[in-house]
Amino acid sequence: MKYLPVILILLLILAVIIAIYIGISHLRNRAREVSRALFGTSDITKAAKQMKQEYSTTPRSVSAMTSLLLPKIVSDFPNFQYDEMKDRAENTLTSYLRAVTEANPSLLQDGNSELKNQLENQIQMLAAQEQQEHYQQIKIHRTEISQYKKTAGRCIITFQSALECYHYITNTAIPSATPIEGSQTYKYQTKYNVDLIYIQDRSLIENELDHALGVNCPNCGAPLSSLGAKVCDYCGTPVIEINIHAWSFSSIDEVR
């Protein structure tokens with residue numbers, strides 16, 4: 001009888017172990033059922049690879065506000081060429097990423113000094129960390145206008161692009177080593193914002209990096225009816241001939 005409490009404790013422990021085993025088996029079977037239903041296989045490891053492969057080939061969705069915002073932009077800038085600006089935005093984005101890959105700022109095809117400074121800072125930061133960031137086989141799936149801001153003399157059009165590439169980071173101190181981040185096997189799906197700003201008169205801007213815009217007639221000082229106006233409604237001065245009328249790209253940011 002003196003061994004009875006010990007036996008009861010052992011039996012209780014055994015019952016707990018059996019219950020845990022049954023619970024784990026049930027969860028494993030349930031996971032296999034879900035895997036089979038979603039991916040057509042009960043092999044969880046294989047299903048995980050399939051899921052990763054599917055994720056690497058599915059483009060990110062973009063904030064498509066073009067149909068809503070483009071009429072407002074054209075109202076302000078009658079000569080705004082959407083297709084041309086969209087192509088410029090895509091070319092600027094791809095050239096920016098290639099410049100990062102090659103650690104060569106001169107590969108950037110478009111952009112103002114603000115964007116060039118952003119690129120140089122990114123390259124310098126990677127070099128200081130003995131790292132090289134790679135963007136290979138870049139492909140843009142879709143580009144749309146996602147935002148149009150016009151406040152306090154500022155005018156910024158944001159293009160958003162869904163992009164895929166092989167993205168990974170290597171250690172420059174060990175060139176043959178495997179990537180310390182990212183993958184050379186699975187493509188990376190992401191999206192970027194590319195900001196386009198309009199400068200109507202650079203002489204009215206104290207700092208070239210500012211986004212400020214001249215919105216008054218340079219002759220009589222009257223407010224212009226639209227940012228892209230060619231002629232002052234009050235004095236008839238041909239604004240388009242006096243102003244630089246320049247569009248430029250000022251920043252590129254990944255949307256996580």
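All residue numbers in this chain count up from 1 along the given sequence.
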State, with a plain yes or no, whether a side-chain heavy atom of Thr170 is found less than 4.5 Å away from one of Thr178. no
4.5 Å side-chain heavy-atom contact, Thr57 and Lys187: no
CZ on Phe159 to OG1 on Thr92, rounded to 0.5 Å: 10.0 Å
If you measure only the distance, is there a donor-acceptor pair under 3.5 Å linking the side chains of Gln160 and Glu144? no
For the CG atom of Leu119 and the CD atom of Gln124, what is their distance to the nearest 0.5 Å? 9.5 Å
Inspect the contact between Arg256 and Glu254 and indicate whether a charged nitrogen and a carboxylate oxygen are less than 4.0 angstrom apart. yes
Check whether any side-chain heavy atom of Leu126 lies under 4.5 Å from a side-chain heavy atom of Gln132, and answer yes or no. no
Below 4.5 Å, heavy atoms only, C-beta onward: do Gln109 and Tyr96 meet side chain to side chain? no
Counting only heavy atoms not in Gln184, do more than 12 sit closer than 6.0 Å to its CD atom? yes
Which residue, Tyr135, Tyr192, Tyr186, forms the ring pair (Phe, Tyr, Trp, His ring centres under 6.0 Å) with His167? Tyr135
Can you give me the closest heavy-atom contact between Ile138 and Arg98, atom names plus distance? CD1-CG, 4.2 Å
Between Ser161 and Thr143, is there a side-chain donor-acceptor contact under 3.5 Å, judged purely by atom types and distance? yes
Is any NZ, NE, NH1 or NH2 atom of the basic residue among Lys86 and Glu84 found under 4.0 Å from an Asp or Glu carboxylate oxygen of the other? no
